[in-house]
Amino acid sequence: MALSLQSWIANEGGKHFVLLLWLGVNTWLFARTFLCYYSGQHYYYLHKMLGLGLCISRASASVLNLNCCLVLLPMCRSLFTYLRGTHRVTSRKARRLLDKSKTFHVACGVAICVFSVVHVSAHLANMVNFSVRYSEDFPLINVARYRGEDPRLIVLTTVPGITGILLVLILFLMFTASSYCMRVSNYEIFWYTHNLFIVFYVILMLHVLGGALRYQTNVEAHPPGCLRANQSSPEQTGEESGQAVGDGRSCKEEAQFQPNSPETWLWVSGPLCFYCAERLYRYIRSNSPVTIVTVVRHPCDVIELRMLKKNFKAHPGQYVVLNCPNVSSFENHPFTLTGCPTEKKETFGIHLRVVGDWTERFAELLLCDPRAQSEVLPMVPQRKYPKLYVDGPFGSPSEEVFNYEVSLCVAGGIGVTPFACALHTLLDGWRHFRLRRLYFVWVCRELQSFYWFAELLCALHHKLWQENIPDYLNLQLYVSQTDGLQNISEERYMPLRSRLLIGRPRWKLLFEEIGKTNKHKRVGVFCCGPKGISQTLHRLCNSDRYSGTTFEFNKESFS
């Protein structure tokens with residue numbers, strides 16, 4: 001499929017520019033540090049002993065410092081939510097770059113793992129050289145205690161060696177538990193291992209305190225290559241002892257060495273303090289539990305919660321993070337808001353699907369028997385609900401739905417939740433938004449899934465008809481599972497029958513139709529669903545076949 005340069009720049013240009021800039025800074029920092037240790041006079045004797053192992057280990061350490069600094073910033077959710085909300089400060093393109101914060105976080109994490117391997121490999125070579133090339137003339141620069149000492153013993157008896165082993169172990173656990181299959185199969189393992197980053201940074205601060213590598217401090221009084229003041233050979237004459245070996249310069253005193261000053265804390269202390277301050281702010285903000293007003297059981301193992309919290313304000317498309325101490329004191333799970341507080345209604349709501357251990361235990365606390373019935377039934381008001389804490393709200397790409405004249409929202413199954421709140425907002429009024437046409441495509445496996453928001457869709461349909469703008473919302477419902485399929489039977493859901501289609505959407509035809517109808521416009525494409533759908537939409541947004549219409553892809557992703 002042909003690619004449109006304009007569409008590619010709109011969707012990928014900003015992200016790739018940031019990544020290229022990040023790669024350039026990493027490359028420049030690595031090369032600059034490498035050359036500094038390769039040709040620097042202060043490291044002449046150390047480089048003579050260790051060779052390229054010194055240069056590579058220090059250059060990789062510089063890159064690690066940079067990425068350990070940057071990896072924390074994308075996880076500052078409150079900061080990004082604030083920047084997203086200040087429309088005068090950040091343009092739409094800048095806000096779309098904020099949506100890629102998770103991608104940048106992953107890139108920094110991969111860089112940390114890769115350069116950790118380089119750093120460890122170089123230092124293992126250094127330990128061998130410290131043992132084999134033990135310097136009798138300059139004992140201060142030796143890490144080995146004697147010539148021929150076992151390199152493994154050097155690693156196990158030094159502070160950098162012990163802390164380095166612990167750092168590699170923690171990094172290995174965090175990296176393996178961050179894989180997609182692990183996060184899907186057992187999210188708890190991912191959550192607990194990822195929180196080891198606190199221990200990682202504490203050990204990282206201790207790792208640089210060992211002072212294993214030392215540099216010469218008196219290169220003017222003792223030019224590199226001079227051995228006079230460190231040798232006591234009786235065969236040397238007075239004139240020979242006063243001349244430098246390499247260039248004939250005189251040396252006035254013995255070579256003096258001292259450990260490198262720790263620099264890691266200069267890199268990571270700022271972002272680490274900022275991140276800790278944000279976590280403290282979030283803890284104080286979410287310290288008081290919310291009041292659960294209503295719990296509703298929907299078909300296909302979906303539960304709706306309506307909650308109340310003092311001074312809680314949110315915008316359509318944002319999400320919150322839930323913590324239920326009765327289930328787990330340390331686990332926090334994100335859920336998109338399906339209902340925001342308004343002037344008429346102070347409550348807010350979420351829809352969650354029972355698909356994992358945490359949601360199963362949470363559902364058992366909310367419902368007597370969460371799988372007993374499939375129809376919508378409100379719970380008994382006298383029931384005592386578990387204590388629940390809500391952190392947020394936080395920004396997401398779905399907030400941009402109203403900032404385009406034309407938007408296409410594609411949902412797969414429970415992925416409809418980011419757009420449900422936007423539809424609720426349209427019920428209150430649509431005239432003050434920039435949005436003038438909304439295409440909404442919802443794909444589900446089972447027919448019963450559409451009942452989650454059937455009343456909302458019908459209410460919005462009736463409202464738009466009454467205001468004589470029925471084309472404002474283009475609704476398409478697809479059910480992919482055809483076994484024992486029946487049509488929507490309830491009379492009150494009659495408007496949905498004509499919009500219910502069998503099978504899967506023909507995405508190319510849909511994009512061509514939208515392109516012809518909205519020529520020379522920017523169309524916001526928002527997706528929350530399976531990976532296959534998002535990849536297809538992403539590819540179509542970058543293609544060149546839509547009559548000059550530019551499609552900007554936005555993928556829902558919790559950071």
Side-chain angles (χ1 to χ4, degrees), residues 282-329 331-355 358-394 396 398 414 416-429 449 451-460 492 558:
R282 288 170 52 186
Y283 173 77
I284 296 174
R285 182 178 62 175
S286 62
N287 191 34
S288 58
V290 300
T291 302
I292 299 179
V293 178
T294 309
V295 178
V296 179
R297 182 190 301 129
H298 289 287
C300 305
D301 293 331
V302 171
I303 298 174
E304 178 184 358
L305 270 72
R306 299 295 305 184
M307 297 164 283
L308 181 64
K309 184 178 181 180
K310 187 177 181 181
N311 298 326
F312 183 85
K313 298 179 181 180
H315 302 291
Q318 293 184 328
Y319 69 95
V320 295
V321 178
L322 299 188
N323 175 271
C324 183
N326 292 5
V327 178
S328 175
S329 300
E331 287 188 46
N332 301 274
H333 293 269
F335 295 94
T336 309
L337 290 170
T338 54
C340 292
T342 61
E343 296 179 357
K344 301 179 182 179
K345 184 170 56 177
E346 296 182 352
T347 61
F348 62 96
I350 64 167
H351 284 63
L352 61 93
R353 190 164 192 175
V354 184
V355 292
W358 189 90
T359 51
E360 287 179 358
R361 295 194 296 268
F362 187 44
E364 290 175 358
L365 295 175
L366 293 174
L367 308 173
C368 296
D369 186 3
R371 301 180 184 273
Q373 303 179 21
S374 59
E375 65 271 12
V376 179
L377 290 176
M379 296 305 298
V380 180
Q382 289 79 12
R383 177 170 175 78
K384 185 178 180 180
Y385 297 116
K387 186 177 293 186
L388 185 64
Y389 296 92
V390 173
D391 184 16
F394 302 107
S396 76
S398 299
I414 196 62
V416 70
T417 53
F419 313 120
C421 197
L423 298 178
H424 272 294
T425 304
L426 291 178
L427 274 177
D428 297 332
S449 301
Y451 288 103
W452 302 337
F453 298 102
E455 293 185 2
L456 169 63
L457 294 174
C458 291
L460 183 58
R492 54 179 175 167
F558 298 118

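Positions are given from 1, in the same order as the sequence printed here.
- Screening V290, N323, V320 against Y389 for a side chain to side chain contact (heavy atoms under 4.5 Å, CB included) leaves a single residue, N323.
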Requested in this report: Under the side chain to side chain contact (heavy atoms under 4.5 Å, CB included) rule, what do H424 and L456 come out as? Steps first, then yes or no, please.
Outcome: CA-CA 7 Å; H424 272 294; L456 169 63; 3.6 Å; yes
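- By the side chain to side chain contact (heavy atoms under 4.5 Å, CB included) test, T342 is found to be paired with K344, K345, D428, residues two or more places apart in sequence or in another chain being considered.
- Scanning both residues, L367 and V295, for their nearest heavy atoms gives CD2-CG1, 3.6 Å.
- Shortest non-hydrogen contact noted between F453 and A420 is CE2-CB, 3.5 Å.
- Side-chain atoms of T417 and H351 form no donor-acceptor pair, as typed in the model, at a separation below 3.5 Å.
- A distance of 9.5 Å separates CG of N326 from CG of L388, quoted to the nearest 0.5 Å.
- Taking 4.5 Å as the limit, some side-chain heavy atom of L337 sits within range of a side-chain heavy atom of I350.
- The two residues P393 and F312 have their closest heavy-atom pair at CD-CE1, 3.8 Å.
- A donor-acceptor contact shorter than 3.5 Å is absent between the side chain of K387 and the backbone of P289.
- If you take OG on S288 and NZ on K309, they are separated by 5.0 Å, rounding to the nearest 0.5 Å.
- Applying the ring-ring contact (aromatic ring centres under 6.0 Å, His included) test to H333 and every residue at least two apart in sequence or in another chain returns Y187, W358.
- In this structure a side-chain-to-backbone donor-acceptor pair under 3.5 Å is present from W452 to P299.
- In this structure R282 satisfies the salt bridge (charged side-chain N to carboxylate O under 4.0 Å, His left out) test together with E278, D391, sequence neighbours excluded.
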Report task. Take E360 and V355, measure what side chain to side chain contact (heavy atoms under 4.5 Å, CB included) needs, and give me the verdict at the end. Result -> CA-CA 7 Å; E360 287 179 358; V355 292; over 6 Å; no
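- Under the 3.5 Å distance criterion, the side-chain polar atoms of T338 are matched with a main-chain donor or acceptor of G349.
- Partners of H315 according to the ring-ring contact (aromatic ring centres under 6.0 Å, His included) rule, which considers only residues two or more places apart in sequence or in another chain, do not exist here.
- Here the closest non-hydrogen pair linking Q318 and T336 is O-CG2, 3.7 Å.
- Using a 4.5 Å heavy-atom threshold, the side chains of M307 and T347 count as separate.
- When every heavy atom of P386 is checked against every heavy atom of I292, the shortest pair comes out as O-CD1, 3.8 Å.
- The six-membered or imidazole ring of Y319 lies away from that of F335, with a centre-to-centre distance of 6.0 Å or more.
- Checked against salt bridge (charged side-chain N to carboxylate O under 4.0 Å, His left out), E346 has no partners two or more places apart in sequence or in another chain.
- In this view, F419 satisfies the ring-ring contact (aromatic ring centres under 6.0 Å, His included) rule with no residue, not counting sequence neighbours.
- Distance CD/E364 to CG/L366: 10.5 Å, rounded to 0.5 Å.
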Report task. Please assess F362 against L352 for the test side chain to side chain contact (heavy atoms under 4.5 Å, CB included), listing each intermediate value before the final yes or no. Result -> CA-CA 10 Å; F362 187 44; L352 61 93; 3.7 Å; yes
Report task. Please lay out, stage by stage, how L457 and L423 fare under the test side chain to side chain contact (heavy atoms under 4.5 Å, CB included). Result -> CA-CA 8 Å; L457 294 174; L423 298 178; 3.6 Å; yes
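- The nearest pair of heavy atoms linking S398 to G317 is CB-CA, 3.8 Å.
- When atom types are taken as modelled, the side chain of T425 and the backbone of C421 share a donor-acceptor pair closer than 3.5 angstrom.
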